[in-house]
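Have a look at the structure below before the remarks.
Chain A is the first sequence line, chain B the second, and so forth, proteins listed ahead of strands; every chain is numbered from 1.
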Protein chains: 2
Amino acid sequence: MLKEERHAFILKALETRHKVLTIELSQSLGVSEDTIRRDLKELADAGRVKKVHGGAVSHSLNPFHYKDREIYAHEEKILIAEKAKSLIRPHQVVIMDGGTTNTELARRLPPDLKATIFTNSLPVAVELTDHPSIEIIFMGGRLLKDAQVTVGEEVVATLSGIRADVCILGTRSLDAQMGITEIDWEETKVKRAILHAANESIALVIPEKIGTVQPYIIGEPGELSVLVSTLARRDPRLRPFHEMGIEIL
Amino acid sequence: MLKEERHAFILKALETRHKVLTIELSQSLGVSEDTIRRDLKELADAGRVKKVHGGAVSHSLNPFHYKDREIYAHEEKILIAEKAKSLIRPHQVVIMDGGTTNTELARRLPPDLKATIFTNSLPVAVELTDHPSIEIIFMGGRLLKDAQVTVGEEVVATLSGIRADVCILGTRSLDAQMGITEIDWEETKVKRAILHAANESIALVIPEKIGTVQPYIIGEPGELSVLVSTLARRDPRLRPFHEMGIEIL
DNA sequence: TCGAATCAGGCAATAACCTGCAACCATGCT
DNA sequence: AGCATGGTTGCAGGTTATTGCCTGATTCGA
């Protein structure tokens, strides 16, 4: 068995299976795990696969590979994005935060919409590059690898020089008492700045996040203008927000 | 048994079997393994087969033929990226420009490399988010949709506050007299700033770009530190650069 | 936090490789 | 015929690649 054959086998397996395990490969190819490990290392060094503990996963070569990631509650997020896209009016200046729901919205903006969008989210920016008429301003800073957003004082400073019409917040947790809360301190500071740099604020949120609380507070619930979820307008979970005068969608 | 006959036999065998082993061939053709090895070497030099340890495989088995047509001269760019990745030393501060070759490099950086990378390129940043130990600073600004890089005074301002160890320029055109030149004015300004913000500058360039000129000048050829291409070190096209004291890789 | 799984690096054995050399052969010239 | 030439082949040797095993470190999941 030539090394190249094994490599071809591994790549083939990854095309269909997305993930391979070292121990599986060693059994089906009849070589030691060490050899497989070395194979995976070579393939990883060549950028053909991504090595993970216990095996490897396919490393799709185009820059949109984050699309492959399994998105939690994807269907719901698509629904929310579809609802929300009418909220952005032509020629507005918009700040878009990160998050999968916001990315979904960026992908779904009407092609004829003309607007200026500030964002600190890599995926949102990538999606918007496909849009024909939106002007994109990316706010620089240190990049958080898991959230794929920039943070730090540079982002905050940029935001302090903006007065946007509307911001669209990625919402980790929303509670009628505590408001919008976050788990990451750096992101919190940025989101606060986003909230304060816009006249109106829109939160896109899947129902299960409503009523949960994280350690850091971004803003009072009353600071929200519009809340978009998959819930019916009269759902009791939304009642307190409605009573504060927040528009429910 | 003539050499040509053996070559024909080997190619025929590869058509049907995908791989051949040196030992097998030597037995079925009744010649020494060394002779087969020499045959394979000739066929490989002629590009008819791919030589591997233990024998040879047909070209269709090997990667590049069916993958990634979308990136122009992708193979060459991979080679260049592989060459260049050793140029980034641990704990350096690096500025990475946009371009497909640079993206390729970003994808191929050794996973154990610890470094800080400033970039204004969306694809580069996306690739780097998969890297375990690199700190990424994204330089914000207006996003050019086709090049997927940010431009504008904000980027230039950020760069003016940086003194990096090395910058890696995406190179549209390189000429021994005119130096590095660009076709887009906005990008030109940013690239100038990148060049001036780093102590050393590395240009990754595919051979066909050497000797071409665009309207806007980014820098003198002498401002380059290292030139990475697929050409042999002694290639006449590189001679003028070598004589300027630019390191050729 | 702990135990088990997994990993990285080193080591040795084997196989494959490359280089130089001498033998061989066909050819063409003197 | 005699000889030089160039191409090819096999062999000896020293070098490199590959692999499995081992050990200690790291990482993961409970």
Side-chain angles (χ1 to χ4, degrees), chain A residues 1-11 13-14 17-59 69-70 72 145-146 183, chain B residues 1-11 13-14 17-59 61-63 82 85-86 90 108-115 129-134 232:
Chain A
M1 169 71 70
L2 296 175
K3 190 173 61 163
E4 277 67 20
E5 289 182 272
R6 291 197 309 270
H7 287 191
F9 181 93
I10 293 170
L11 291 174
L14 272 177
R17 283 203 281 148
H18 192 70
K19 170 180 92 164
V20 289
L21 302 179
T22 307
I23 193 160
E24 274 179 17
L25 288 172
S26 95
Q27 285 165 1
S28 46
L29 292 173
V31 293
S32 73
E33 291 176 42
D34 299 78
T35 301
I36 297 296
R37 219 166 272 125
R38 276 183 277 243
D39 288 339
L40 294 181
K41 180 166 195 318
E42 280 184 44
L43 290 170
D45 287 346
R48 312 287 308 274
V49 308
K50 178 150 194 275
K51 219 150 87 64
V52 298
H53 196 89
V57 297
S58 70
H59 186 321
R69 286 187 195 160
E70 193 61 35
Y72 179 72
K145 284 174 186 165
D146 353 41
I183 199 170
Chain B
M1 170 69 71
L2 265 347
K3 189 166 64 161
E4 315 306 329
E5 293 180 75
R6 291 198 309 273
H7 286 194
F9 181 94
I10 294 171
L11 291 174
L14 270 179
R17 297 177 53 220
H18 257 358
K19 72 152 183 185
V20 289
L21 304 180
T22 308
I23 291 200
E24 278 180 14
L25 287 173
S26 95
Q27 286 169 356
S28 47
L29 292 173
V31 293
S32 76
E33 292 177 39
D34 298 79
T35 301
I36 297 297
R37 243 169 244 128
R38 275 183 277 245
D39 288 340
L40 294 181
K41 183 165 193 326
E42 282 184 42
L43 289 170
D45 287 346
R48 312 289 303 275
V49 307
K50 173 153 195 269
K51 212 152 92 62
V52 301
H53 196 92
V57 296
S58 72
H59 252 300
L61 177 69
N62 117 9
E82 284 291 337
K85 71 182 189 186
S86 63
R108 291 183 145 65
L109 288 176
D112 55 335
L113 178 67
K114 289 184 179 26
T129 55
D130 282 335
H131 193 286
S133 56
I134 282 183

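Following rounding to the nearest Å, Leu25(A) (CG) and dT6(C) (C1') show an atom-to-atom distance of 14 Å. Atom NE2 in His7(B) sits roughly 15 Å away from atom P in dG7(D) (whole-Å rounding). Rounded to an integer number of Å, the gap from CG of Leu40(B) to C1' of dT8(D) is 16 Å. Between the P atom of dC11(D) and the CZ atom of Arg37(B) lies a distance of 12 Å, rounded to the nearest Å. Protein atom NZ of Lys41(A) is 13 Å distant from nucleotide atom P of dC7(C), rounded to whole Å.
Residues Glu42(B) and Arg38(B) are not paired through a salt bridge, judged by the lack of any N-O separation under 4.0 Å between the basic side chain and the carboxylate. Taking 4.0 Å as the cut-off between side-chain N and carboxylate O, Glu4(A) and Lys19(B) do not count as a salt-bridged pair.
The shortest distance between the side-chain N/O atoms of Thr22(A) and the OP1/OP2 oxygens of dT6(C) is not below 4.0 Å.
Within 6.0 Å of NZ on Lys41(A) lie no more than 12 heavy atoms contributed by other residues, nucleotides or ligands.
Of the inter-residue distances, the one linking Leu11(A) atom CG with Asp39(A) atom CG reads 10.0 Å to the nearest 0.5 angstrom.
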Can you build the contact string for nucleotides 17-30 of chain D? Use B for base contact, S for sugar-phosphate-only contact, and - for no protein heavy atom under 4.0 Å. SSBBBB----SS--
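Looking at residues two or more places apart in sequence or on another chain, you find no side chain to side chain donor-acceptor pair (under 3.5 Å) involving Thr22(A).
Using a 4.0 Å heavy-atom cutoff across all strands shown, Lys51(A) reaches sugar-phosphate atoms only and no base atom.
Residues Leu40(A) and Ala56(A) share a closest heavy-atom pair of CD2-CB, 3.9 Å.
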